[in-house]
Amino acid sequence: MDLPKNFEPQSFENEIYSEWESKGYFRPEVDHDKTPFSIVIPPPNITGQLHMGHALNNTIQDIIIRHKRMQGYSTLWLPGTDHASIATEVKIVDKLREEGLDKETIGREEFLKRAYEWKATYGGKIVKQLRRLGSSCDWSREAFTMDERCSKAVREVFVNLYRKGLIYQGSRIINWCPHCETALSDAEVEYDEKAGFLWHIRYPYADGSGYLIIATTRPETLLGDTAVAVNPKDPRYTDKIGKMLKLPLTDREIPIVADDYVELDFGTGCVKITPAHDPNDFEVGLRHNLEVIRIMDDSGVINENGFAYVGLDRDEARKKIVEDLEKLGLMEKIEPYTHNVGECYRCKAVVEPIVSKQWFVKMDELARPAIKVVRDNKISFIPERFSKTYFNWMENIKDWCISRQLWWGHRIPAWYCPECGEVIVEKEDPTCCPKCGCKEIHQDEDVLDTWFSSALWPFSTLGYPDNTEDLNYFYPTNVLVTAYDIIFFWVARMIFSGLEHMGQIPFPEVLIHGIVRDAKGRKMSKSLGNGIDPLELIDKYGADALRFSLTTGVAPGSDIRFSEDKIEPSRNFLNKLWNASRFVLMNSEGKVLPKIGSFRYTPADKWILYKLNKVTREVNNYLKKYELGMANAALYDFIWSDFCDWYIELTKPALYSDNEKAKCETLAVLTYVLKQILKLMHPFTPFITERIWKECGEESTIMLAEYPAYSKKHNFVEDFNKFESIKEIIRSVRNLRAEMDVPVSKKLNLYVVTNDQRYVAKNASYVMKLANVEAVNFVASKADVTEKSVSIVASESEVYIPLGELVDVEKEMQRLSKELKVMEGEIKRSEGMLNNPGFVAKAPKQLIENEKAKLQANSEKKAKLLERIEELKNM
RNA sequence: GGAGGCAUAGCUCAGCUGGGAGAGCGCUUGCCUUACAAGCAAGAUGUCAUAGGUUCAAGUCCUAUUGUCUCCACCA
């Protein structure tokens, strides 16, 4: 045996992982005699560092995949990374800026070169970190959203959708990030409540007959106003509809139009209409045929349409415009006003809605079947409530803006002919315009939304569009594991993409987990500096402890508050397992153990085998339902309380005896239970279990050992219950010792009155060892115990313990009275139920029988307690 | 405005299909008992948010209320 006294994960985790990987245990075969089981990883961004969210997400996947692998499935966990178009580009631009450079100066080619270098340097980092966590991913199949295979899939899908008319180009109002200088999809905009103002501005009538007051939160957009709208039913303004207004600070005149969009009871009832910079105004503009005047360039600076404000940044322009309006006496009032402001999800800059020509995916047709498969339970969310989130999004979905004015990503495969204006979208790069033969065609400058490629992940990584063996065997995947915050970005898009391009759902189950928060319940973020680095935790406590703590006390879908003190109990638990193993191994050294089942079990053996069997069934059931927190708790309790605290202690009389046969048989059971425990635990804590497994003399890896399953052979329910009565005696003696202040060192003498003397006698050694008892004597009745003693009333027996002068009658009286009170409470409860005619008539029979039995037993106990109390009174 | 979560021991949270309130940490007491002090043994601690309802039976199901968090929408 070669295990140090304390569990030191640092000394073996990396070595074990390398061995697993090099021996190819993570790599499945396409084996048609086996059932495939596959998961694709939610690809982390190449810009990413492993954070607690990744740790949780991948721990869950690894538990699922290891369980299935041990159950004999051909198991694939396909890893990879995401190029993260915006996030990466932002980082590279920042780096350029530090060098005093920018994108335009170095040009597209050089930029991409740098991006690939960046990917080579940092992109592998997170993948290494995933290994440290123990993730059993098949790295030979590792994918990247911009690798050749995925890019081919993107091209295929784009062209197919374009040909079907599901991808189109159009000038529409979109979300624009002036910092990243790109369009964003609706999902990429985050709204944050901000304190601002509601400015009330006077718009004079062109004919000089007074003014109207409009209210706005963005006065600078006034420069692009092309109308003021009122509600047609608003009596205040019905006669004004059609009149012209003089637009302040400009030389333009704009009409008053009537539109239902205007609410009667908000603000002044008049809304300035800026079609180029507000989605609602854009719609109003379309209805009234209004001019669309863009007043800002791509970086948020006022353009040539801005009169005196040309060249000002949008914030400066706002300030100046407010000032000028005040000077002109056109500012009616300024009210404080909190409202939601849209921000870029990457850089947090305030998003500017602008009209721009972009590429879109038409969503109606794609969304419909994607809703149906969830509706029909072809795909289910776990927990189920997240399907509501999904429906809500899918049923209100708008067309998806997929073009980004960035360079890092899949370049849009569209070419334009300068001669005839033809747009060419083909699977192969065209060299000339097929219509007019012009050779000067040029490719669209933009790239695709990152999520366009991740939407294809479950099949692009398996070889789509080629008809590969992997794709045939492993698609659809079995379950997708992700946090709820990317249901829209990713899960929804994978579902409609899978249906559209593969004709099949990408996965039947979506397991949703929560977000890892800090001790105060806040999201972990760089800006708050409240993040916990999982790698530091792994260094300090080991990956197993981290993994185990992440599944402790968690329910599917709910957030986890995590702080370092949560990991310690897990580490302690693993140390416990470690030392229990040491105990078994130390005692087995140099011994040849009989085969399990080839000898008679002791009562304690049967007790632990029954419990082991029970926990085996529970863990399998919980894993099947992805109740990892429940499985975790079941294992924790069994290993610590049942195996260590009870069974190991119970084996000591035999192990320390001279009976070599009994010793070896006991060790055989201990070893068997330990190995079953290691296998049960392995998906949760892969490293420690492998380490001990090897120490048990196993040649092969535990990773590929068969996962324990429920066995009818070990269903010793009667033996189990019987042995519980022995445990009860032990517990009672210990309790009595503590309550009566009897020193632990003092050996006790027991006088037992029982109706099953044979059984108690057979188990006397356990009582002696575990309760520090000198002798267990049997007597016919209490009358045979002449010394001054205290007593225990257990279910099958009464135990008298002569304590001589140590007996404190007062104390003993109190102790018995307390027990009596508890018993009376129990009896009252049982009687209440059994005297209730409704209960007796309607409750399940088994339950009634159980209750009757309890009442019977408790009444007997009560009677004995009363007897004892009477006796004490006479002492 | 719409949707959803949560409210259980001092703290952090479990509690599956209704049937005697649980864990970890913390706390009290006693222990270096030849696997483990990262430990052992024995304890204490709960109007299961509030009010109704369904039921023989409710922490669990239904309704309302309060508090709290989140997502979606975006009325200038």
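In what follows, every chain begins at residue 1, and chains take the letters A, B, ... in the order their sequences are listed. Hydrogens, waters and symmetry mates are skipped; everything else that's a heavy atom, side chains included, is used.
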Using the side-chain heavy atoms of [X], tell me which of these nucleotides is nearest: [options].
| X | options | answer |
| --- | --- | --- |
| A:Glu263 | B:rA35, B:rA76, B:rC40 | B:rA76 |
| A:Glu627 | B:rU34, B:rG15, B:rG24 | B:rG15 |
| A:Lys566 | B:rU12, B:rA76, B:rA38 | B:rU12 |
| A:Phe266 | B:rA38, B:rA76, B:rC72 | B:rA76 |
| A:Arg582 | B:rC36, B:rA76, B:rG15 | B:rC36 |
| A:Asp645 | B:rC40, B:rA76, B:rG24 | B:rC40 |
| A:Met630 | B:rG19, B:rA76, B:rG15 | B:rG15 |
| A:Arg561 | B:rG30, B:rA76, B:rU12 | B:rU12 |
| A:Lys576 | B:rC40, B:rU34, B:rA76 | B:rC40 |
| A:Phe488 | B:rC71, B:rA76, B:rG15 | B:rC71 |

Do any side-chain nitrogens or oxygens of [X] fall under 4.0 Å of OP1 or OP2 in [N]?
| X | N | value |
| --- | --- | --- |
| A:Lys388 | B:rG4 | yes |
| A:Tyr390 | B:rA3 | no |
| A:Lys854 | B:rG19 | no |
| A:Tyr337 | B:rA76 | yes |
| A:Asn572 | B:rG39 | yes |
| A:Arg218 | B:rA76 | no |
| A:Ser387 | B:rG4 | no |

Mapping A:Gly629 and A:Arg829 to their closest nucleotides on RNA chain B, which lands nearer the 5' end?
A:Gly629
Given that A:Ala187 and A:Lys652 both sit by RNA chain B, which one's nearest nucleotide is further toward the 5' end?
A:Lys652
With distance as the sole criterion, is a donor-acceptor pair present between the side chains of [X] and [Y] under 3.5 Å?
| X | Y | answer |
| --- | --- | --- |
| A:Lys828 | A:Ser830 | no |
| A:Lys566 | A:Thr552 | no |
| A:Asn572 | A:Tyr541 | no |
| A:Glu188 | A:Ser185 | yes |
| A:Asn850 | A:Gln846 | yes |
| A:Asp225 | A:Tyr203 | yes |
| A:Glu335 | A:His200 | yes |
| A:Ser795 | A:Glu728 | yes |
| A:Glu384 | A:Ser387 | yes |

Distance check needed: [N] [atom2] versus [X] [atom1], whole Å only.
| X | N | atom1 | atom2 | answer |
| --- | --- | --- | --- | --- |
| A:Trp393 | B:rC72 | CH2 | P | 9 Å |
| A:Asp559 | B:rU70 | CG | C1' | 8 Å |
| A:Tyr191 | B:rG2 | OH | P | 19 Å |
| A:Asn772 | B:rC31 | CG | C1' | 12 Å |
| A:Lys398 | B:rC72 | NZ | P | 13 Å |

Are A:Lys233 and A:Asp260 close enough that some pair of their side-chain heavy atoms sits under 4.5 Å apart?
yes
Expressed in whole Å, how much space separates the [atom1] atoms belonging to [N] and [M]?
| N | M | atom1 | answer |
| --- | --- | --- | --- |
| B:rG22 | B:rA44 | C1' | 16 Å |
| B:rU12 | B:rG4 | P | 27 Å |
| B:rG18 | B:rU60 | C1' | 6 Å |
| B:rA14 | B:rA23 | P | 16 Å |
| B:rG59 | B:rA9 | C1' | 14 Å |
| B:rC71 | B:rG52 | C1' | 31 Å |
| B:rC6 | B:rU45 | C1' | 24 Å |
| B:rA35 | B:rA41 | P | 14 Å |

Please tabulate, one pair per line, all N/O donor-acceptor pairs under 3.5 Å involving side-chain atoms of residues 643-650 of chain A, not counting sequence neighbours.
unit_1: A:Tyr647; atom_1: OH; unit_2: A:Asp605; atom_2: OD1; d: 2.4
unit_1: A:Glu649; atom_1: OE1; unit_2: A:Lys652; atom_2: NZ; d: 3.4
unit_1: A:Glu649; atom_1: OE2; unit_2: A:Lys652; atom_2: NZ; d: 3.1

Of all residues at least two apart in sequence or in a different chain, which pass the side chain to side chain contact (heavy atoms under 4.5 Å, CB included) check with A:Tyr191?
A:Val189, A:Asn340
For residues 514-524 of chain A, which residues have at least one heavy atom under 4.0 Å from RNA chain B?
none
List in numerical order all residues of residues 633-644 of chain A for which some heavy atom is under 4.0 Å away from an atom belonging to RNA chain B.
A:Tyr636, A:Trp640, A:Cys644
Taking all non-hydrogen atoms of both residues into account, name the closest pair between A:Ser732 and A:Ile792 and its distance.
CB-CG2, 3.3 Å
Whether A:Arg691 engages the ring of A:Trp578 as a cation-pi pair (distance to the six-membered ring centre under 6.0 angstrom, angle to the ring normal within 45°) should be assessed.
no
A:Arg517 to A:Phe562 six-membered ring, cation-pi geometry met (6.0 Å, 45°)
no
Distance-only donor-acceptor test, [X] side-chain atoms vs [N] base atoms, 3.5 Å:
| X | N | result |
| --- | --- | --- |
| A:Glu649 | B:rA35 | yes |
| A:Lys5 | B:rC36 | no |
| A:Asn340 | B:rC74 | yes |

salt_bridge([X], [Y]) N-O dist < 4.0 Å:
| X | Y | result |
| --- | --- | --- |
| A:Arg829 | A:Glu851 | yes |
| A:Asp658 | A:Lys663 | no |
| A:Lys540 | A:Glu568 | no |

Using Watson-Crick or G-U wobble pairs with both distances under 3.5 Å, give me RNA chain B in dot-bracket, 5' to 3', with [ ] for crossers and | for pairs to another strand.
(((((((..((((.....[..)))).(((((.......))))).....(((((..]....))))))))))))....
Close N or O pairs between protein and nucleotides 42-45 of chain B (under 3.5 Å):
unit_1: B:rA42; atom_1: O3'; unit_2: A:Asn735; atom_2: ND2; d: 3.0
unit_1: B:rG43; atom_1: OP1; unit_2: A:Asn735; atom_2: ND2; d: 2.3

